[in-house]
Amino acid sequence: MDSPPQTDRRETGYTLHGDDIEDPYLWLEESDDDDVAAWTAAQNEYADEYLHSLDVRESLRPRFEELARTTTYMAVKPRPNGYFQRVRDADADHPVLTFRPDVAADRRVLVDPNEMSDDGSVSVDWYVPNPDGTLVAYGVAEGGDEQYDVRILETESGERLEELTGVGQTGPWGFSWTDDGFYYLTTGSIDDGDQLDKAVRFHELGSDPADDWTLADDFSAQVWPLVETDTESDYVVLGESDGWERTDLYYAELGSDELHPLVVGEDAIFHPTLDGSDLYVNTSLDASNYRVARASLDAPDPAESFETLVEARDDAIAKELDVIGDKLVVKYLRDAAHELVVFDRDGTEVETVPVPGRGSVASFGGEDDLFFTYESFTEPSSVRRYDFGADGTTVVDSPDTELDIDVTVTQEWFRSADGTEVPAFVVRRSDLERDGDNPTVLYGYGGFEISLTPFFQRFFVPFLESGGVLAVANLRGGGEFGESWHHAGRREYKQRVFEDFFAAAEFLVEAGYTSPERLACFGGSNGGLLVGAAVTQRPDLFAAAICKVPLLDMLRFHTSLLGETWTTEYGSPEDPEAYEYIRAYSPYHNVEAREYPAVLFSTAEGDARVDPFHARKMTARMQAAQEGDDPILLKTRSKTGHGTGKPVSMVVEENLDGWVFLDDHLDVF
């Protein structure tokens with residue numbers, strides 16, 4: 001098939017704020033329509049014919065299988081009776097949930113999702129042990145749809161005790177144990193269009209889930225609840241996160257549905273950690289770089305009892321907080337890399353944890369000591385243990401994936417269109433020459449206060465070994481430099497994010513790393529919006545683009561799935577002022593007849609976050625407008641979603657698709 005399938009242009013559209021919006025591909029929004037199914041199948045056939053015709057695919061396959069089939073160790077969650085951990089064996093599609101009484105003991109498998117389906121479509125994506133470790137709750141989903149059944153298992157016997165079916169889109173942030181049960185977030189179903197209907201309920205162990213009582217259920221579409229308890233506390237704390245803009249906090253006595261306001265109406269973020277009657281918060285209130293404060297829920301007026309323990313720093317962002325024994329452990333982000341600093345309960349700095357290098361720390365916590373995961377651009381994620389006061393950390397688990405070359409990682413700074421200095425990590429082989437002719441991939445995200453810190457991506461290894469350059473840009477809209485960095489790239493300032501990305505591409509060319517003929521960009525979700533803006537606004541900068549599970553039709557993003565939740569980040573197209581700046585950059589509405597770089601769009605039938613119609617409509621419009629010779633492809637996968645729960649076999653095929661596509665346009669391998 002030399003040309004893409006024909007797509008019907010229909011006389012459809014709508015009116016918004018007095019403007020007539022022509023939308024000939026509006027029909028592609030109907031996922032259940034037979035015409036859409038036939039169109040999707042034809043697009044898959046067209047993409048597969050191209051992607052499977054490239055000889056490099058089968059030559060890369062053995063290496064990709066080798067990289068994928070390595071044992072992967074995930075975070076350790078300590079409890080008084082032992083250690084919980086998910087581990088994926090080299091020959092398995094999914095990680096299993098394990099337990100061991102001490103770190104030197106053999107692991108015992110508690111839950112094996114590999115036995116739950118024949119095709120790897122069922123996954124266990126999260127779990128929460130109770131405080132003493134005797135019970136564990138875990139979320140089971142099918143096809144990556146993030147619609148969870150919650151099961152309760154007894155650790156000692158391995159017996160499944162209870163199951164709550166159809167809980168919806170929930171996770172550890174919306175699940176918290178008490179002595180006799182647990183609070184949990186539940187949502188409506190996608191099939192009924194009620195996904196944004198949310199409630200926090202309480203389930204007493206051994207009771208009928210139909211009898212669960214409601215703590216709170218009056219949440220707007222933009223608000224997502226979180227719930228926090230502690231084994232030594234008589235309280236439950238309810239957080240209401242209004243987008244990525246503010247958090248209201250309430251508390252109630254255990255067993256009561258009478259909520260008392262703690263922090264309400266402040267335009268700031270609060271991350272709560274409950275310890276007994278003390279509530280610790282990591283907050284941006286009066287502190288763009290975040291500070292740590294404490295309130296007593298036993299005080300006569302808890303809302304007035306907040307005191308700052310750790311002031312905000314000028315040179316680092318306080319990203320997370322945990323209470324371990326008599327210590328507070330704070331994860332800082334300094335120039336887009338993590339540090340761990342230990343304080344006493346009154347906020348006096350005690351020590352800095354000796355993190356191995358400039359990398360990323362995740363999933364830290366403990367009982368008497370500290371466990372965390374660490375990775376960098378050159379080191380795969382490992383599990384480490386730290387005894388407070390020690391000179392170094394101990395590696396508990398580490399995969400055997402290694403780079404067979406010397407790699408240099410630098411942090412480069414460049415000037416964006418408005419003069420702001422923006423950084424990017426540049427990763428390349430140490431002996432690589434800056435001759436302006438190296439295949440280069442630029443990655444970015446730029447939104448929702450999400451920070452891009454050093455990461456190890458095993459499927460980038462062959463690319464780096466072959467002389468490729470990876471650049472990771474820390475764009476505004478992210479959280480790398482605090483709340484102000486986020487606010488500088490959202491709503492009416494969203495165009496700044498794209499300009500930062502273009503400036504990064506121009507820097508890579510000017511610095512001699514590459515040329516537009518050998519430069520590609522990629523991103524997913526909000527990063528897919530970034531890529532869509534890149535290929536429509538600056539197609540001259542890129543030879544190829546990979547755009548995964550993207551947002552692209554920004555005049556209709558709010559009409560389905562979780563879209564309405566994101567109006568706090570982007571603004572709402574229903575608002576006349578926001579409509580003007582959104583339409584100005586909306587990739588789908590800025591496609592015109594011209595030469596475009598090669599683009600590989602990908603989406604998933606089970607995506608419960610970003611509607612697949614974005615990728616479908618954008619593909620149709622770009623294929624019709626393409627005046628160049630490069631292909632515009634769309635790959636739609638079934639039995640998967642936005643990204644969680646994918647079996648390894650699918651991950652391998654997806655990465656082969658991406659890398660053979662890039663090789664065909666960048667001449668990598």
Report task. Step by step, work out the side chain to side chain contact (heavy atoms under 4.5 Å, CB included) result for Glu412 and Tyr513. Result -> CA-CA 12 Å; Glu412 312 270 14; Tyr513 287 108; 2.6 Å; yes
Query raised in the report: Where do Tyr581 and Tyr493 land on the side chain to side chain contact (heavy atoms under 4.5 Å, CB included) test, with the steps shown first?
Result: CA-CA 9 Å; Tyr581 63 73; Tyr493 304 121; over 6 Å; no
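- Counting only N and O atoms by type, the side chains of Gln147 and Glu142 include no donor and acceptor under 3.5 Å apart.
- Salt-bridge formation is not detected for the pair Asp93/Arg88: no Lys NZ or Arg NE/NH1/NH2 atom is positioned less than 4.0 Å from an Asp or Glu carboxylate oxygen.
- Evaluation of the ring-ring contact (aromatic ring centres under 6.0 Å, His included) rule for Tyr25 yields no partner, not counting sequence neighbours.
- With Trp659 as the fixed residue, the ring-ring contact (aromatic ring centres under 6.0 Å, His included) test singles out one of Phe460, Phe522, Phe459: Phe460.
- Residues satisfying the side-chain hydrogen bond (donor to acceptor under 3.5 Å, both in side chains) test with Asp657, not counting sequence neighbours, are Arg57, Arg637.
- Here the CD atom belonging to Gln626 is positioned 12.0 Å from the OG1 atom belonging to Thr619, to the nearest 0.5 angstrom.
- Contacts of Tyr184 classified as ring-ring contact (aromatic ring centres under 6.0 Å, His included), with partners at least two apart in sequence or in another chain: Phe182.
- Residues Ser602 and Leu634 are not in side-chain contact: their nearest non-hydrogen atoms beyond the backbone lie 4.5 Å or more apart.
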Report task. Step by step, work out the ring-ring contact (aromatic ring centres under 6.0 Å, His included) result for Tyr148 and Phe175. Result -> CA-CA 12 Å; Tyr148 293 104; Phe175 188 100; over 10 Å; no
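- Counting only N and O atoms by type, the side chains of Thr568 and Trp244 include no donor and acceptor under 3.5 Å apart.
- In this structure the side chain of Phe557 reaches within 4.5 angstrom of the side chain of His614, judged on heavy atoms.
- Shown here are the ring-ring contact (aromatic ring centres under 6.0 Å, His included) partners of Phe372, two or more places apart in sequence or in another chain: there are none.
- Partners of Glu240 according to the side-chain hydrogen bond (donor to acceptor under 3.5 Å, both in side chains) rule, which considers only residues two or more places apart in sequence or in another chain, do not exist here.
- His271 is not listed as a side-chain neighbour of Thr283, based on a closest heavy-atom distance of 4.5 Å or more.
- At least one side-chain heavy atom of Lys635 sits under 4.5 Å from a side-chain heavy atom of Asp48.
- Side-chain polar atoms of Gln222 and Glu245 form no donor-acceptor pair below 3.5 angstrom.
- Ser484 and Ser288 form a side-chain donor-acceptor contact under 3.5 Å, judged by distance and modelled atom types alone.
- Using a cutoff of 4.0 Å between basic side-chain nitrogens and carboxylate oxygens, Asp125 and Lys646 are not scored as salt-bridged.
- The side-chain hydrogen bond (donor to acceptor under 3.5 Å, both in side chains) contacts involving residues 543-552 comprise Lys548-Glu654, where partners must be two or more places apart or lie in separate chains.
- Using a 3.5 Å distance cut-off with no hydrogens or angles, the side chains of Ser560 and Asp611 do pair a donor with an acceptor.
- The side-chain hydrogen bond (donor to acceptor under 3.5 Å, both in side chains) test applied to Glu569 returns His486, not counting sequence neighbours.
- In this structure, Phe377 has its ring center no closer than 6.0 Å to that of Phe456.
- Taking Ser121 as the reference, Asp119 meet the side-chain hydrogen bond (donor to acceptor under 3.5 Å, both in side chains) condition, with sequence neighbours excluded.
- Put simply, the side chain of Phe507 does not reach to within 4.5 Å of the side chain of Ser416, judged on heavy atoms.
- Both tests do not hold together for Arg490 against Phe448: distance to the six-membered ring centre under 6.0 Å, angle to the ring axis within 45°.
- With sequence neighbours excluded, the residues satisfying salt bridge (charged side-chain N to carboxylate O under 4.0 Å, His left out) with Arg246 are Asp248.
- Residues passing the salt bridge (charged side-chain N to carboxylate O under 4.0 Å, His left out) test with Arg458: none are found, sequence neighbours excluded.
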Requested in this report: Apply the test side chain to side chain contact (heavy atoms under 4.5 Å, CB included) to residues Trp224 and Phe219: give CA-CA distance (whole Å), side-chain angles for both, the deciding distance (0.1 Å), then the verdict.
Outcome: CA-CA 7 Å; Trp224 281 90; Phe219 304 112; over 6 Å; no
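- Counting only N and O atoms by type, the side chains of Arg616 and Ser31 include a donor and acceptor under 3.5 Å apart.
- Residues His558 and Glu574 have side chains that bring a donor and an acceptor to within less than 3.5 angstrom of each other.
- At least one side-chain heavy atom of Tyr570 sits less than 4.5 Å from a side-chain heavy atom of Leu551.
- Using a 4.5 Å heavy-atom threshold, the side chains of Tyr127 and Arg86 count as touching.
- Residues that satisfy the ring-ring contact (aromatic ring centres under 6.0 Å, His included) test with Phe270, not counting sequence neighbours, are absent from this structure.
- Scanning for salt bridge (charged side-chain N to carboxylate O under 4.0 Å, His left out) contacts around Asp607 gives an empty result, with sequence neighbours left out.
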Requested in this report: Take Asp418 and Arg476 through the salt bridge (charged side-chain N to carboxylate O under 4.0 Å, His left out) test and state the conclusion after the steps.
Outcome: CA-CA 12 Å; Asp418 64 357; Arg476 282 175 286 185; 2.8 Å; yes
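- Annotation: side chain of Pro539 is in contact with side chain of Arg594 (closest heavy-atom distance under 4.5 Å).
- Side-chain polar atoms of Ser376 and Arg358 form no donor-acceptor pair below 3.5 angstrom.
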